[in-house]
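Below is one structure, written out as structure tokens, with a few remarks after it.
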Amino acid sequence: MLVAGLPGAGKSTLLNRLYGLRGDETAPVRAGDVQVIDSRQSRNWWARFLGPLPVRLRTPIVHATHVWRIGRAVLAGHGVVAHTRGTWPHILHCFAWLARRRGGRLHLILIDVAPETARAGQYARGRVVTSTTFARHCRRWHPLIARARSGDPLPPAAGVTVLDRDAADRLRAIHFS
């Protein structure tokens with residue numbers, strides 16, 4: 001299960017609430033049979049080594065570590081709930097392929113909020129992406145969410161759930177069958 005949305009949409013907030021994450025973790029958190037993987041965990045782990053580097057240099061290392069952790073958990077046969085950008089199709093195809101190798105399927109929860117709401121969320125958490133980066137996320141997000149809302153399948157996902165902020169706030173659990 002990948003939780004995707006624009007930066008600031010509320011992905012980490014949802015994981016915090018559902019799984020009791022504090023935001024200071026440096027490794028994936030086990031919740032029963034599920035590995036909960038948030039990108040902050042990789043960012044926090046690397047902070048002690050990469051702190052003085054500019055964000056532009058840290059981000060690819062942190063992102064690669066985050067993707068590697070998700071892939072490793074899927075290959076180990078764990079149920080996974082992970083935060084992801086969701087706008088990079090090659091990453092989604094890779095995770096779906098890994099899940100199928102273990103007899104599983106990729107599902108998406110898309111948290112759809114207006115760009116202004118997402119931007120406000122970034123400022124509220126104190127971590128703001130550049131305008132250029134945010135615009136790139138928006139350009140990729142809009143066609144993805146339009147397709148999901150129209151009911152068109154989103155290969156490689158076996159299932160897609162679209163939540164607005166209110167619905168995400170009401171979500172109480174994610175169940176694996």
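No experiment lies behind these values; they were computed from the predicted model shown. Scope of the values below: all heavy atoms of this structure, side chains included, with no hydrogens, waters or symmetry mates.
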(request) Decide salt bridge (Lys or Arg N to Asp or Glu O under 4.0 Å) for R43 and D38; before the verdict, give the C-alpha distance in whole Å, the side-chain angles of both, and the deciding distance to 0.1 Å. (result) CA-CA 9 Å; R43 190 177 320 103; D38 190 296; 5.7 Å; no
(request) Answer yes if V34 and I70 sit in the same cluster of Ile, Leu, Val, Met, Phe, Trp and Tyr residues linked by side chain heavy atoms under 4.5 Å apart, and no otherwise. (result) no
(message) Any heavy-atom pair between the side chains of R30 and H78 that's under 4.5 Å?
(response) yes
(request) Would you mind reporting whether T161 and L110 have side-chain heavy atoms less than 4.5 Å apart? (result) no
(message) Just so I know, are the side chains of M1 and I174 near enough to count as touching, which here means a heavy-atom distance under 4.5 Å?
(response) yes
(request) Could you tell me which non-hydrogen atom of P155 sits nearest to which non-hydrogen atom of H93, and how far apart they are? (result) O-NE2, 4.1 Å
(request) Please report the shortest heavy-atom distance between G23 and N44, naming the atom on each side. (result) O-ND2, 2.8 Å
(message) For residues L144 and L2: do they belong to one hydrophobic cluster (side chain heavy atoms under 4.5 Å, members Ile, Leu, Val, Met, Phe, Trp, Tyr)?
(response) yes
(message) Once rounded to the nearest 0.5 Å, what's the spacing between atom CD1 of I145 and atom SG of C138?
(response) 12.0 Å
(message) Using side-chain heavy atoms (C-beta onward) and a distance below 4.5 Å, is S131 in contact with R119?
(response) yes
(request) Calculate, to the nearest 0.5 Å, the distance between atoms CG and CD1 belonging to L14 and I109 respectively. (result) 6.5 Å
(request) Could you work out the complete set of other residues in the hydrophobic cluster of Y123, with links drawn between I, L, V, M, F, W and Y side chains under 4.5 Å apart? (result) V128
(message) Quick one, H66 and H83 - any side-chain contact, counting heavy atoms below 4.5 Å?
(response) yes
(request) Would you kindly confirm whether W88 and I111 end up in one hydrophobic cluster when ILVMFWY residues are joined by side chain heavy atoms under 4.5 Å apart? (result) no
(message) Test of understanding: clusters of I, L, V, M, F, W, Y form through side-chain heavy atoms closer than 4.5 Å, transitively. Do I37 and F95 belong to the same one?
(response) yes
(request) Nearest 0.5 Å please: distance from the OG1 atom of T133 over to the CD atom of Q122. (result) 9.5 Å
(message) Can you confirm whether P28 sits close enough to V36 that some side-chain heavy atom of one is under 4.5 Å from a side-chain heavy atom of the other?
(response) no
(message) I want to check something: taking the side chain as every heavy atom from C-beta on, are L18 and L171 in contact at a cut-off of under 4.5 Å?
(response) yes
(request) Using atom types as modelled and distance alone, determine if a side-chain donor or acceptor of T65 lies under 3.5 Å from a backbone N or O of I61. (result) yes
(message) Using 0.5 Å steps for rounding, measure from the OG atom of S42 to the CZ atom of R69.
(response) 4.0 Å
(message) Less than 6.0 angstrom from the centroid, inside 45 degrees of the normal: does R48 satisfy that with respect to the ring of W45?
(response) yes
(message) I'd like to know if the side chain of K11 and the backbone of A82 have a donor-acceptor N/O pair within less than 3.5 Å.
(response) no
(request) Please collect all side-chain hydrogen bond (donor to acceptor under 3.5 Å, both in side chains) contacts where either partner lies in residues 95-111, sequence neighbours excluded, each pair once. (result) none
(message) So does R147 get a backbone contact from the side chain of S150, meaning a donor-acceptor N/O pair under 3.5 Å?
(response) yes
(request) Please collect all ring pair (Phe, Tyr, Trp, His ring centres under 6.0 Å) contacts where either partner lies in residues 126-177, sequence neighbours excluded, each pair once. (result) none
(message) Working to the nearest 0.5 angstrom, can you tell me the gap between L6 CG and E116 CD?
(response) 10.0 Å
(message) As an exercise, state the distance from CG of L53 to CH2 of W46, rounded to the nearest 0.5 Å.
(response) 10.0 Å
(message) I'd like to check V3 versus T84 (side-chain heavy atoms, cut-off strictly below 4.5 Å). Are they in contact?
(response) no
(message) For V113, is there any backbone N or O sitting under 3.5 Å from a side-chain donor or acceptor partner on R165?
(response) no
(request) Give a yes or no on this: more than 12 heavy atoms of other residues, nucleotides or ligands lie within 6.0 Å of atom CG of D33. (result) no
(message) Checking the side chain of D112 only, and the main-chain atoms of L163 only, is there a donor and an acceptor separated by less than 3.5 Å?
(response) no
(request) Establish whether V162 and L108 are linked, either directly or via other cluster members, by ILVMFWY side-chain heavy-atom contacts under 4.5 Å. (result) yes
